[in-house]
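To find a chain, count down the sequence lines: A is the first, B the second, and so on, and within it residues start at 1.
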Amino acid sequence: MCPVTPGFAFPHFIALRHPMSNDPKSHLAGLLQHALTRLAPDVSADIQLERPRQASHGDFATNLAMQLARVLKDNPRQIAERLISLLPASEWLAGAEIAGAGFINFTLTTAAKTRVVADILAAGTAWGRGSAKPGRVQVEFVSANPTGPLHVGHGRGAAVGDCLCRLLEVAGWDVTREFYYNDAGAQIDNLTRSVQLRARGVTPDDPAWPEDGYRGDYIIDVARAFLARETVAADDQHVTANGDPADTEAIRHFAVAYLRREQDQDLKAFGVKFDVFSLESALYADGRVEAAVRALVDKGHTYEQDGALWLRTTAFGDDKDRVMRKQDGGYTYFVPDVAYHLDKWRRGFTRVINEQGADHHSTVTRVRAGLQALDAGIPVGWPEYVLHQMVMVVRNGEEVKISKRAGSYVTLRDLIEEVGRDATRYFLVARSPDSQLVFDIDLALSRSNENPVYYIQYAHARISSVLQQCPDDGDAGGVDLAPLGSEKELALCARLGEYPALVENAASEHAPHLVAGYLKDLAADFHAWYNADRLLEDDAALRTARLALARAVRQTLVNGLDILGVSAPETM
RNA sequence: CCGCCCGUAGCUCAACCGGAUAGAGCACCGGCCUUCUAAGCCGGGGGUUAGGGGUUCGAGUCCCUUCGGGCGGGCCA
């Protein structure tokens, strides 16, 4: 399978302890564990290996000796020296030396560094995939109210949520994507009233127009379609308008269906698909809300005051108690939220991650408190949350605030139409969700290395172009990688080797932006190599080895771009 | 007043559960295409990591505090 793999002579018991450790990092960890066991059998330590920033510090470094210094009450450098002397022989290891305050710097053999190329070509699309994880995880994201077009903030939620799902799947989880529609609250009443008024010819500048009515032009579209008795298909149902402006319920039904269809189209254009759509109205219709309220009352965490029913959320970490049933008899929004999450738990999701805008962060404590009050065996930190900060759209250095269609915000559809799906997805996911995001339209449209999307895609297109000229050279299996060894090649191999751990880390940290950053670094390493070393060399052995490396880079770009939901074009 | 997020080069951002001399890109200056895609590469200048304390062998990273920005704190969602 891999001709450059030497016959490694590492001890049998290490092989047993690290059955999967065929990458250099795990291998080194095994060697260190062996040395530690012989040095201090009773001491266990978290063996950390990291890639030093500086090349002169070797390929991997560990702070193990410094960590042990306190426990063993000895000088770190002396501990390091003894650890080195106890390391088993390994043909992967070219050297190990003490540096600084007690670091051990490891240098790998060239064969150990380049073998990742063979691993990648053998794994293909499975390169970077983690082992299957137990349990099922549900990710709820977007969950926009069906009261208007999706805006940039929803776009960020869609991009982050969907990339998170793809990351979790690659990391080995069984993922369900869910969208929750608040189709039962006051905002829907407001929508209904706005459409009804428009259907009767009332405009937002009329004194009769309600203060909080929806003013966007899309309301005109809905009203016009209703009067024209159109039929809209949303998800699983078809709704036909009866065209009667006096029929409030008909308007409500039609308007919600119409806007759900609009949102579905936007999400489809954005490349986001959901497995399950849940409706708030269904929670009321089949009694799940009432059942949750009864359960909370039965558990004794509620009380009546000022004509309202309260939940004692302060018993579960909230800073004040919350009203469940208002004086007018209706429930506050967090009651269906609790009922909804109880339902998620009963559906068997051991993990639930809610991706939302940070402006909703106050619901986190409330929902968790409500679930704890139910005493249903739900873990304290369940569900998990990923909260993204605000997005500001900028063009020509100035903030863009208004979309004609939506009236008060920039829509996701506007962005996709202007800068394209790939750039929109990349930019919305490339920053930590914790940070506010400036979406620069000029940058997203620019065609230079200012624009990381094209920079990464260009690397893929370049490789594809070269490989097209030698379709079979350096293909998977049996390639001799020994000719590889230039500085740029080894740097590239090291970068490729980071990929599986990066995916694992990004998934567990809920941080899809790390994938975006990695791909930019990988593309940079490739472009640097491409300009330094010629791929289509006359020397057959060298050419074949280099094309194998190029294939490995391309495979990693493809796998990584797939996590972001960004395309990998063959030509540009 | 309270809670959450953020503060790193002129600008936009990195820095792998505390590691060695804090890195890229843009902008600025200077180079590289009669050979694989110049949407590319190479080199140069640019920093008290907002300020101040603390924890320790070691802090951009953890704790406290001050300042600044954003978002919340409805019987709205």
Are there any protein N/O atoms within less than 3.5 Å of an N/O atom in nucleotides 70-77 of chain B, and if so, which ones and at what distance?
from	atom 1	to	atom 2	distance (Å)
G70(B)	O4'	Gln436(A)	NE2	3.4
G73(B)	O2'	Lys320(A)	NZ	3.3
G74(B)	OP2	Lys320(A)	NZ	2.6
C75(B)	O2	Gln327(A)	N	3.0
C76(B)	OP2	Lys326(A)	NZ	3.1
A77(B)	OP2	Tyr333(A)	N	3.0
A77(B)	O3'	Asn182(A)	ND2	3.2
A77(B)	N6	Tyr333(A)	OH	2.9
A77(B)	N3	His360(A)	NE2	3.4

* **Between P of U35(B) and CG of Leu535(A), the distance in whole Å** => 16 Å
* Specify the separation, in whole Å, of atom CG of Asn531(A) and atom C1' of G43(B). => 14 Å
* To do: Assign the ring pair His151(A) / Tyr409(A) to parallel, tilted or perpendicular, where the plane angle (0 to 90°) is split at 30° and 60°.
  => perpendicular
* Atom pair distance, as rounded to whole Å: OH in Tyr530(A) and P in C41(B) -> 12 Å
* **Interatomic distance, Asn63(A) CG vs C16(B) P [rounded to whole Å]** => 14 Å
* To do: Any strand is fair game: report the nucleotide pairing with G40(B) by Watson-Crick or G-U wobble, both distances under 3.5 Å, or none.
  => C32(B)
* Asked: Taking only side-chain nitrogens and oxygens of Arg543(A), does any of them come within less than 4.0 Å of OP1 or OP2 of C36(B)?
  -> no
* **Euclidean distance for C1', U48(B) against G7(B) (whole angstrom)** => 16 Å
* Which way is the base of C33(B) turned, syn or anti, if we draw the line at 90° from 0? -> syn
* Asked: Does a nitrogen or oxygen in the side chain of Gln469(A) sit under 4.0 Å from OP1 or OP2 of U37(B)?
  -> yes
* May I ask you to say what Gln356(A) touches in the nucleic acid, namely base, sugar-phosphate or nothing, with a heavy-atom cut-off under 4.0 Å? => nothing
* Inter-nucleotide P distance (C63(B), U56(B)), Å rounded -> 16 Å
* Would you kindly give the CG-to-P distance between Leu443(A) and A27(B), to the nearest whole Å? => 11 Å
* Which value, in whole Å, describes the distance between the P atoms of nucleotides G45(B) and G69(B)? -> 36 Å
* To do: Give a yes/no answer on whether the side chain of Tyr454(A) brings an N or O atom under 4.0 Å of OP1 or OP2 in A38(B).
  => no
* Given the P atoms of C17(B) and U12(B), what is the spacing between them in whole Å? -> 26 Å
* **Salt-bridge criterion met for Arg312(A) and Asp318(A) (N-O under 4.0 Å)** => no
* Just checking, is any N or O donor in the side chain of Gln187(A) or Asn182(A) under 3.5 Å from an acceptor N or O on the other one? -> no
* To do: Determine whether the side chains of Ser278(A) and Glu178(A) contain a donor N or O and an acceptor N or O closer than 3.5 Å.
  => yes
* Structure fact -> Here the distance between atom C1' of A24(B) and atom OH of Tyr518(A), to the nearest Å, is 16 Å
* Do the ring planes of Tyr218(A) and Tyr214(A) sit parallel (below 30°), tilted (30 to 60°) or perpendicular (above 60°)? -> tilted
* Return the value, rounded to whole Å, for the distance between atom CG of Leu522(A) and atom C1' of A14(B). => 16 Å
* Asked: Is the shortest side-chain N to carboxylate O distance from Glu140(A) to Lys344(A) below 4.0 Å?
  -> yes
* Asked: Can Phe103(A) be called stacked on G19(B) when the rule is centres closer than 5.5 Å and an angle between planes below 30°?
  -> no
* **Same-atom distance (P) from C4(B) to C62(B), integer angstrom** => 14 Å
* Could you state the atom-to-atom distance from NZ of Lys520(A) to C1' of G40(B) in whole Å? => 16 Å
* Quantified in whole Å, what is the C1' atom distance between nucleotide A20(B) and nucleotide C32(B)? -> 34 Å
* To do: Pick the C1' atom in G70(B) and in G58(B), then give their distance to the nearest Å.
  => 34 Å
* Asked: Taking only side-chain nitrogens and oxygens of Arg53(A), does any of them come within less than 4.0 Å of OP1 or OP2 of A15(B)?
  -> no
* 5'-most by nearest nucleotide on RNA chain B - His527(A) or Phe60(A) -> Phe60(A)
* Asked: Taking the side chain of Gln54(A) as its heavy atoms from C-beta onward, which of C57(B), A20(B), C6(B) lies nearest to it?
  -> A20(B)
* Asked: Considering only the C1' atoms, how many Å lie between C76(B) and G19(B), rounded to the nearest integer?
  -> 49 Å
* Structure fact -> By nearest-heavy-atom nucleotide on RNA chain B, the more 5' of Leu387(A) and Trp529(A) is Leu387(A)
* Charged N to carboxylate O below 4.0 Å: is that the case for Arg288(A) and Asp343(A)? -> yes
* Asked: What is the nucleic acid contact for Asn105(A), judged by heavy atoms within less than 4.0 Å: base, sugar-phosphate only, or nothing?
  -> base
* Any N/O donor-acceptor pair, Arg534(A) side-chain to U35(B) base, under 3.5 Å -> yes
* Asked: Do the rings of Trp382(A) and His341(A) sit parallel, tilted or perpendicular, given the 30° and 60° boundaries?
  -> perpendicular
* Asked: Does Asp74(A) pair with Arg82(A) as a salt bridge, N-O distance under 4.0 Å?
  -> yes
